[in-house]
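Down below is the structure, laid out as C-alpha cells.
Everything quoted here is computed from the prediction, not taken from an experiment.
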Amino acid sequence: MRNRSLLVVTTLAVTGALSLTACGSRGSSSSGSSAAANTTVTIGVDAPLTGSLTALGQGIKNSVDLAVKTANSTKEVPGVTFKIESLDDQAQPSSGQQNAAKLVADANVVGVVGPLNSSVAQSMQKVFDNANLVEVSPANTNPSLTQGPDWAKGTKVRPFKSYFRTATTDAIQGPFAAQYAFSTLGKKKVFLVDDQLTYGVGLVGTFETEFKTLGGTVAGQDHVTDGTKDFSALVSKIKASGADLVYYGGQYPEAGPLSGQLKAAGANIPLIGGDGIYDPAYIAAANGKANGDYATSVGAPVETLDSAKTFVANYDKGGYSTPYAAYGGYSYDSAWAIIEAVKAVAAANSGKLPANPRQAIEDAMSKVNFQGVTGTVSFDEFGDATNKQLTVYVVKDGKWAAAKTGTFTG
C-alpha cells in the first residue's frame with residue numbers, strides 16, 4: 001500500500017493535457033501508447049508537522065495521504081494519479097506564506113489542504129488566490145477568512161474565491177460554547193483568556209457576545225503569549241476575580257498548563273475552550289488535572305458516524321504512527337473535495353485535464369457535493385462548509401468524552 005512507482009511528468013503540447021509515463025516504458029512510448037493517457041497531479045498539504053502542534057498537523061497530513069491512496073486504488077478519476085506534497089508551517093504565518101509560494105510555483109499542484117491555524121491561513125490566502133490555486137482547510141474557524149473583516153457587523157464579503165473550508169466557523173462555535181456554559185453548566189461569571197492570535201481572539205469575542213446576551217458577566221480578561229508555561233500571575237487574577245469559569249481562546253500547549261496550574265493553586269474552576277484544545281495533548285499538558293474541563297470541536301465525533309467507519313478502519317490499517325486526531329475526518333474530506341473537483345474538470349474536458357487546470361478546479365469546487373467521512377460535504381457562497389454541527393467534549397477519567405452534539409440556535 002505504501003509502495004509507489006517512480007514517475008516522470010511531461011506536457012503534451014498538442015492536446016493541451018498533462019501526461020504521465022512510467023520510467024520503465026519511456027523507450028516504447030508513442031502517440032498511441034496507453035501509458036501516455038495518464039496524468040499525475042499533486043495535492044499539497046500545509047500543517048504544523050513539527051513543534052507543539054505536531055499531533056494535529058500529523059493527523060492532517062496522514063488523513064490526506066489516506067485519501068490520495070484511496071483515490072489511486074479505486075481509480076476515482078480515470079487516467080489521473082494523485083500524490084501529496086506536505087510542507088511544515090510550524091504554526092507560523094511567515095512559514096505558511098513561504099510554503100504557499102512554493103506550492104504555487106509547482107505547476108503540478110492542483111489544490112492544497114490546510115492550514116491548521118487561522119493566522120497562518122491569513123498569510124497564505126492571497127498567494128493562493130493570485131494563482132487560482134484552491135485551498136481547503138479542515139480546521140480554520142475564524143469567520144473573517146471567508147466573510148471579510150466586517151462580518152460581525154452584518155457585512156459579509158468573500159475576500160478570496162480560492163479559499164474553502166470543511167470546518168464550521170467561530171461565529172457558531174463561540175456562541176455554541178456560551179450556551180452550553182450558561183444554560184447547561186449554570187456558569188454565570190467567566191474569565192476570558194486569549195493567546196492574541198487570530199483564532200483565539202476571534203473565538204473569545206464570539207463567546208463573550210453570546211454569554212453576555214444570555215445574562216452572564218465577564219469577571220475579568222487577560223492575554224497570554226504563545227509558548228508561555230508559567231501562568232502564576234494569571235492564576236492569581238482568575239482566583240481573585242470570583243469567576244466560576246475560564247474561557248480560553250487558543251491552542252492546547254498553553255491552555256493545558258494554565259488549567260493544571262489553576263487547579264494546583266486550589267481553584268476548582270473548569271476551563272472551556274474551542275477545537276484548538278481538543279486533543280489528548282491538552283490532558284497531558286494539564287498534568288493530570290484536566291478532569292471537568294470542556295472543549296468544543298467541529299462536527300460530531302468521527303467514531304460515532306456511520307459515514308466514518310471505513311475511514312477509521314482504513315486509517316488503522318494504514319500503519320500511521322500518529323492518530324488522525326481532531327481534524328482527520330475533515331482533512332480526508334478536504335482532500336476528497338479537491339479530488340471531486342479534479343474529476344469534474346476532467347469529465348467536462350473529454351476525460352483529460354487541461355494544461356493549467358487551476359481556474360477550472362476553483363470553479364468546480366463551489367459545486368462539489370458528496371457524502372464524506374464527516375457527512376455531506378458542500379460549500380456555501382462564501383466557501384464555508386454547509387455542515388454546521390459542533391460537539392462539546394468533557395475530560396472524564398483522563399479522556400475526552402462527548403457531552404453534547406448539536407448546532408447553535410441563535
Self-check item: All side-chain hydrogen bond (donor to acceptor under 3.5 Å, both in side chains) counterparts of D279, not counting sequence neighbours
Solution: none
Quiz prompt | Reported CG-to-CZ distance for the pair L145 and F382, which is rounded to 0.5 angstrom | solution = 13.5 Å
Practice problem: Step through the shown structure and confirm whether more than 12 heavy atoms of other residues, nucleotides or ligands are within 6.0 Å of NZ on K153. | Solution: no
Self-check item: Heavy-atom pair of closest approach, residues P253 and K229
Solution: O-NZ, 3.1 Å
Quiz prompt | Listed once per pair and sorted, the ring pair (Phe, Tyr, Trp, His ring centres under 6.0 Å) pairs that draw on residues 139-163, sequence neighbours left out | solution = none
Quiz item: Side-chain contact, heavy-atom cut-off 4.5 Å: L390 with I172?
Solution: yes
Exercise. Sorted by first residue and then second, give each salt bridge (charged side-chain N to carboxylate O under 4.0 Å, His left out) pair with at least one member in residues 321-336; sequence neighbours left out.
Key: none
Quiz item: Within a strict 4.5 Å, meaning less than it, do heavy atoms of the Q147 and V157 side chains meet?
Solution: no
Quiz item: Charged N to carboxylate O under 4.0 angstrom, K61 versus D65?
Solution: no
Self-check item: Rounded distance (nearest 0.5 Å) linking atom OG1 of T42 with atom CD1 of I338
Solution: 11.0 Å
Quiz item: Regarding D129 and S162, is there a side-chain donor-to-acceptor distance under 3.5 Å anywhere?
Solution: yes
Quiz item: Are side-chain heavy atoms of F82 and V41 found at a separation under 4.5 Å?
Solution: yes
Self-check item: Ring centers of Y315, Y320 separated by less than 6.0 Å
Solution: yes
Quiz item: Sequence neighbours excluded, which residues qualify as side-chain hydrogen bond (donor to acceptor under 3.5 Å, both in side chains) partners of N369?
Solution: none
Practice problem: Taking atom types as modelled, find out whether Y248 and D195 have a side-chain donor-acceptor pair closer than 3.5 angstrom. | Solution: no
Exercise. Step by step, work out the side chain to side chain donor-acceptor pair (under 3.5 Å) result for K263 and S259.
Key: CA-CA 6 Å; K263 309 292 197 314; S259 176; 2.7 Å; yes
Quiz item: Without hydrogens or angle criteria, can the side chains of T146 and R165 be said to hold a donor-acceptor pair below 3.5 Å?
Solution: yes
Quiz item: Does any donor atom in the side chain of S63 or S331 lie under 3.5 Å from an acceptor atom in the other side chain?
Solution: no
Self-check item: F207 CZ to I272 CD1 distance, which is reported to the nearest 0.5 Å
Solution: 6.0 Å
Exercise. Only one of T217, L245, D244, L214 passes side-chain contact (heavy atoms from CB on, under 4.5 Å) with K188; say which it is.
Key: D244
Self-check item: Y252 (side chain) donor-acceptor with S52 (main chain) under 3.5 angstrom
Solution: yes
Exercise. Indicate the atoms forming the closest heavy-atom contact of A295 with W400, along with that distance.
Key: CB-CH2, 3.6 Å
Self-check item: R358 bridged to D363 by N-O distance under 4.0 Å
Solution: no
Exercise. Answer yes or no: is there a side-chain heavy-atom contact under 4.5 Å between Q97 and V127?
Key: yes
Quiz item: Hey, mind stepping through V134 and V110 against side-chain contact (heavy atoms from CB on, under 4.5 Å) and telling me if it holds?
Solution: CA-CA 7 Å; V134 160; V110 294; over 6 Å; no
Exercise. For a side-chain contact (heavy atoms from CB on, under 4.5 Å) with P138, tell me which candidate from V64, L116, L56, V113 qualifies.
Key: V113
Quiz item: Rounded to the nearest 0.5 Å, what separation is found between the CD atom of Q122 and the CG atom of N117?
Solution: 11.0 Å
Exercise. Taking atom NZ of K388 as the centre, report whether more than 12 heavy atoms of other residues, nucleotides or ligands fall under 6.0 Å from it.
Key: yes
Self-check item: Check: Y294 and Y393 side chains under 4.5 Å, non-hydrogen atoms
Solution: no
Side-chain donor-acceptor distances from residues 297-304 under 3.5 Å, at least two apart:
from	atom 1	to	atom 2	distance (Å)
E303	OE2	Y324	OH	2.7
T304	OG1	P301	O	2.7

Practice problem: Give a yes or no answer on whether the side chain of E254 reaches the backbone of G227 with a donor-acceptor pair at less than 3.5 Å. | Solution: yes
Quiz item: Looking only at heavy atoms, which two atoms of M365 and A341 are closest? And how far apart?
Solution: CE-CB, 4.0 Å
Quiz prompt | Donor + acceptor pair across side chains of N140, Y199 (<3.5 Å) | solution = no
Exercise. Could you tell me whether the side chain of V394 reaches within less than 4.5 Å of the side chain of N291, counting heavy atoms only?
Key: no
Quiz prompt | Note, Y247 side chain near V204 side chain (heavy atom, < 4.5 Å) | solution = yes
Quiz item: Are E362 and K161 ion-paired here, with the side-chain N under 4.0 Å from a carboxylate O?
Solution: no
Self-check item: S378-T386 side chain donor-acceptor pair, cut-off 3.5 Å
Solution: yes
Practice problem: Could you check T374 against T166 for side-chain contact (heavy atoms from CB on, under 4.5 Å), going step by step and ending with a plain yes or no? | Solution: CA-CA 9 Å; T374 60; T166 53; 5.8 Å; no
List the atom pairs, with distances to 0.1 Å, where a side-chain N or O of residues 177-185 and a protein N or O form a donor-acceptor pair under 3.5 Å, not counting sequence neighbours.
from	atom 1	to	atom 2	distance (Å)
Q179	NE2	E210	OE2	3.4
Q179	NE2	T409	O	2.9
S183	OG	Q179	O	3.4

Quiz item: Any luck finding a side-chain donor-acceptor pair between N142 and D170 under 3.5 Å?
Solution: no
Quiz prompt | Side-chain H-bond candidate by donor/acceptor type, N62 with T322, under 3.5 Å | solution = yes
Practice problem: Look up atom NZ in K237 and atom CG in D222, then write down how far apart they are to the nearest 0.5 Å. | Solution: 3.5 Å
Quiz item: Hey, what do you get for CG (D46) to NZ (K102), rounding to the nearest 0.5 Å?
Solution: 11.0 Å
Exercise. Would you kindly say whether Q173 and T168 are connected by a side-chain donor-acceptor distance under 3.5 Å?
Key: no
Quiz prompt | Note, V345 side chain near L353 side chain (heavy atom, < 4.5 Å) | solution = yes
Quiz prompt | Test item: side-chain donor near acceptor, S232 and D230, under 3.5 Å | solution = yes
